[in-house]
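The structure appears below as structure tokens.
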Amino acid sequence: MELPIVVGKNSSGNDYIINLEALPNLFISYYEEEQLETIFNHLILDLINNKSPVQLAVSFSRKLSENLLPLIVDRKIEIQFVHSETKEVINSIDEFISALFLELKNRRKIKNKRIQKLSDTIIVVFIDNIFEVIMSSHKKIGLAFIELLVNGPHRSIYFITGSSGIYKNLLDQLINLSPALKRKLQGSKHNLKIDEPLAAELIINPDGLIFFRERIKKDFVRLFPF
């Protein structure tokens with residue numbers, strides 16, 4: 001596994017390890033913010049301890065940033081956006097997605113696959129609230145985000161994204177909440193398929209039980225918290 005991460009414990013008490021590179025994205029649905037913080041904490045530490053060169057791009061709430069950013073203070077963060085109520089904010093979620101999209105376009109310019117494999121450092125993107133991206137006032141940001149989910153993994157850009165509330169095929173639901181975005185997506189030259197899941201799902205219920213499903217499978221695996 002190039003990007004092994006632990007998402008919970010199985011019934012025997014052993015770590016349940018998945019390969020982020022093979023997923024290739026992960027949607028996390030949680031009941032309480034503490035649950036998201038706990039799982040993000042474990043995933044970040046797994047990635048930091050990974051032997052592969054990994055850079056992190058993060059979009060966290062103010063609370064999450066206070067608790068999680070110290071974990072990666074010594075790591076190079078490729079692109080960073082942290083929510084804040086102060087005037088020290090240097091960018092927005094729109095600029096965050098735009099920066100990632102620009103990185104994707106730059107990586108596409110390298111046509112030689114061998115050179116690309118040597119030059120593309122893995123970027124793992126953490127976003128604590130997928131709704132904020134999809135429901136952006138700028139529809140092109142929503143389209144850019146979806147294209148990043150579809151094509152980012154081909155250029156070593158992977159997403160781990162959270163949302164509050166249980167969902168089924170979250171992205172499809174969010175797109176349906178934004179008719180303008182859905183119309184633009186359906187008419188997009190990229191011909192993206194919005195009815196197919198773009199990520200594996202990790203659902204944490206109110207009792208803390210974890211249910212994991214790969215995007216190509218129908219059944220969930222029941223896991224236990226750390």
Side-chain angles (χ1 to χ4, degrees), residues 1-52 54-75 77 80 82-83 122-134 149 153 158-174 197-226:
M1 294 186 183
E2 289 294 325
L3 291 174
I5 53 177
V6 179
V7 294
K9 301 278 187 179
N10 60 23
S11 57
S12 301
N14 298 319
D15 290 341
Y16 190 87
I17 303 173
I18 60 177
N19 184 11
L20 179 60
E21 189 180 44
L23 292 181
N25 302 304
L26 179 63
F27 289 164
I28 301 175
S29 177
Y30 62 92
Y31 184 74
E32 297 179 349
E33 190 173 16
E34 289 74 14
Q35 294 174 331
L36 182 65
E37 182 179 329
T38 298
I39 192 71
F40 270 13
N41 181 85
H42 280 276
L43 297 181
I44 288 172
L45 288 177
D46 279 352
L47 291 169
I48 288 176
N49 294 328
N50 192 282
K51 294 181 180 180
S52 300
V54 176
Q55 294 177 340
L56 304 178
V58 299
S59 172
F60 291 153
S61 67
R62 188 175 183 181
K63 180 180 177 182
L64 280 180
S65 64
E66 290 175 352
N67 295 335
L68 295 178
L69 286 186
L71 294 175
I72 51 180
V73 67
D74 295 328
R75 298 285 295 184
I77 302 179
Q80 177 181 337
V82 178
H83 297 262
I122 295 170
I123 297 178
V124 179
V125 184
F126 283 85
I127 299 177
D128 65 346
N129 186 1
I130 192 175
F131 285 91
E132 186 174 35
V133 182
I134 292 295
L149 290 174
Y158 306 95
F159 283 79
I160 299 178
T161 308
S163 74
S164 58
I166 303 301
Y167 62 84
K168 181 178 181 181
N169 198 347
L170 171 67
L171 190 62
D172 189 38
Q173 287 188 19
L174 293 177
L198 300 178
E201 299 177 61
L202 189 71
I203 297 176
I204 310 174
N205 74 2
D207 297 324
L209 292 176
I210 300 171
F211 298 88
F212 171 74
R213 177 173 66 180
E214 295 185 31
R215 68 187 181 94
I216 58 175
K217 295 185 178 180
K218 295 182 179 180
D219 298 326
F220 283 90
V221 176
R222 180 180 176 181
L223 304 171
F224 299 88
F226 301 101

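We're numbering straight along the sequence, starting at 1.
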Applying side chain to side chain donor-acceptor pair (under 3.5 Å), name anything that partners [X], two or more places apart in sequence or on another chain.
{"X": "Glu33", "answer": "Ser61"}
{"X": "Gln35", "answer": "none"}
{"X": "Lys217", "answer": "none"}
{"X": "Asn41", "answer": "none"}

Would you find more than 12 non-hydrogen atoms of other residues, nucleotides or ligands less than 6.0 Å from Asp219 atom CG?
no

For Ser12, which residues count as a side-chain contact (heavy atoms from CB on, under 4.5 Å) partner, sequence neighbours excluded?
Asn10, Asn14

Could you check whether any side-chain N or O of Asn19 sits under 3.5 Å from a backbone N or O of Leu3, counting only pairs where one atom can act as donor and the other as acceptor?
yes

May I ask you to decide if Leu149's main-chain N or O and Asn25's side chain share a donor-acceptor pair within less than 3.5 Å?
yes

Does Asp46 reach the side chain of Pro4, with side-chain heavy atoms less than 4.5 Å apart?
no

In chain order, what residues pass the ring pair (Phe, Tyr, Trp, His ring centres under 6.0 Å) check against Phe126, with sequence neighbours excluded?
Phe40

What residues, two or more places apart in sequence or in another chain, satisfy salt bridge (charged side-chain N to carboxylate O under 4.0 Å, His left out) together with Glu34?
Lys63

Atom pair [atom1] ([X]) and [atom2] ([Y]), whose distance is rounded to the nearest 0.5 Å:
{"X": "Ser163", "Y": "Ile28", "atom1": "OG", "atom2": "CD1", "value": "9.5 Å"}
{"X": "Leu36", "Y": "Ser29", "atom1": "CG", "atom2": "OG", "value": "9.5 Å"}
{"X": "Asn205", "Y": "Tyr31", "atom1": "CG", "atom2": "OH", "value": "10.0 Å"}

For residues 203-212, the salt bridge (Lys or Arg N to Asp or Glu O under 4.0 Å) pairs (sequence neighbours left out) are none

Nearest heavy-atom approach of Asp128 to Tyr30 is O-OH, 4.0 Å

Taking all atoms of both residues into account, what is the closest heavy-atom pair of Leu26 and Ala199, and its distance?
N-CB, 3.9 Å

